[in-house]
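Below is one structure; the comments refer to it alone.
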Amino acid sequence: MAKQKILIVEDERDLIEVLTYNLSKEGYEVISASDGKEGLQRAQLNQPDLIVLDLMLPIMDGLEVCRQIRSDSRTQNIRVLMLTARSEDVDEIVGFNMGADDYVTKPFKVKPLVHRIKALLRRGKDADSEHEIIAAHSVEVDRVNHVARCRDEELLLTPTEFRLLWTFVRQPGRPFSRHELMDTSRGEDANALERTIDVHIRALRQKLGNDSGLIETVRGIGYRFRPVSDAKANV
Ligand code: CA
């Protein structure tokens with residue numbers, strides 16, 4: 001099987017070295033770029049499976065790189081893990097149209113970061129093996145064409161929001177814990193993961209507009225898609 005490819009976009013040389021060493025050891029092919037513009041070019045040219053993208057970069061910052069990656073059909077499905085030194089940027093990073101799939105705040109430990117990278121890549125692989133269109137209530141998700149609609153209006157979702165919606169719509173009524181939704185085991189970074197999933201859910205609900213109530217909070221567990229038998233007036 002071909003090695004999965006990871007692009008590291010980071011202007012701190014030491015960090016590139018540490019990450020390249022550790023990810024190569026895990027069997028990944030690792031390439032790198034040291035500014036935003038070079039990173040974007042490498043993403044388009046080399047088509048990595050995942051990008052570790054620093055937020056603060058010379059020439060073009062990480063948010064702009066991410067936005068351009070998401071708006072280009074050649075790169076829009078590449079998973080993006082953002083590195084940030086400022087936790088207050090998190091909502092912006094994982095929410096709405098910025099489109100990062102996950103984030104890690106600096107300084108970070110290498111082992112949990114590698115774990116998060118593996119989880120993101122695994123989610124992508126599972127996704128490729130399913131081909132069908134599913135629907136519940138006013139929402140329809142087409143896995144093959146990567147299109148989600150609500151009341152026949154196309155939803156502009158990040159890859160993570162798309163996978164979340166797919167997971168929900170596939171099993172309406174089933175409660176999912178945040179850990180299940182992140183497809184990861186309990187670890188030292190559990191709190192950060194839970195916060196990430198809440199941010200994704202908030203963004204997804206916002207995009208569902210008047211139908212935001214379809215994603216229900218299940219107290220003490222996490223979230224679920226409204227059961228199909230539970231007919232509400234506005235659905
Ligand atoms: Ca930096």
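Whatever order the structure lists ligands and atoms in, that order sets their numbers, starting from 1.
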Legend entry - Contact flag Glu12/the Ca ion (ligand 1), N/O/S atoms, threshold under 3.0 Å: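 For Glu12, the answer is no, given that no N, O or S atom comes within less than 3.0 Å of the Ca ion (ligand 1).
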Legend entry - N, O or S of Asp54 under 3.0 Å from the Ca ion (ligand 1):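 Yes, within the cut-off.
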Inset, instruction - Salt-bridge test for Arg224 and Glu216: reply yes if a basic N is under 4.0 Å from a carboxylate O, no otherwise. - result: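 Salt bridge flag = yes for Glu216 with Arg224.
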Legend entry - Salt-bridge criterion met for Glu154 and Lys207 (N-O under 4.0 Å):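 Here Glu154 does not pair with Lys207 in a salt bridge, since their nearest N and O are not under 4.0 Å apart.
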Inset, instruction - Assess the side chains of Thr217 and Arg205: does a donor N or O sit below 3.5 Å from an acceptor N or O? - result: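 Side chains of Thr217 and Arg205: pair found under 3.5 Å.
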Inset, instruction - May I ask you to check whether Asn22 and Tyr28 show a side-chain donor-acceptor distance below 3.5 Å? - result: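 Per modelled atom types, Asn22 and Tyr28 side chains form no pair under 3.5 Å.
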Legend entry - Which atom of Asp11 approaches the Ca ion (ligand 1) most closely (N/O/S):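 Of all N, O or S atoms belonging to Asp11, OD1 is the one nearest the Ca ion (ligand 1).
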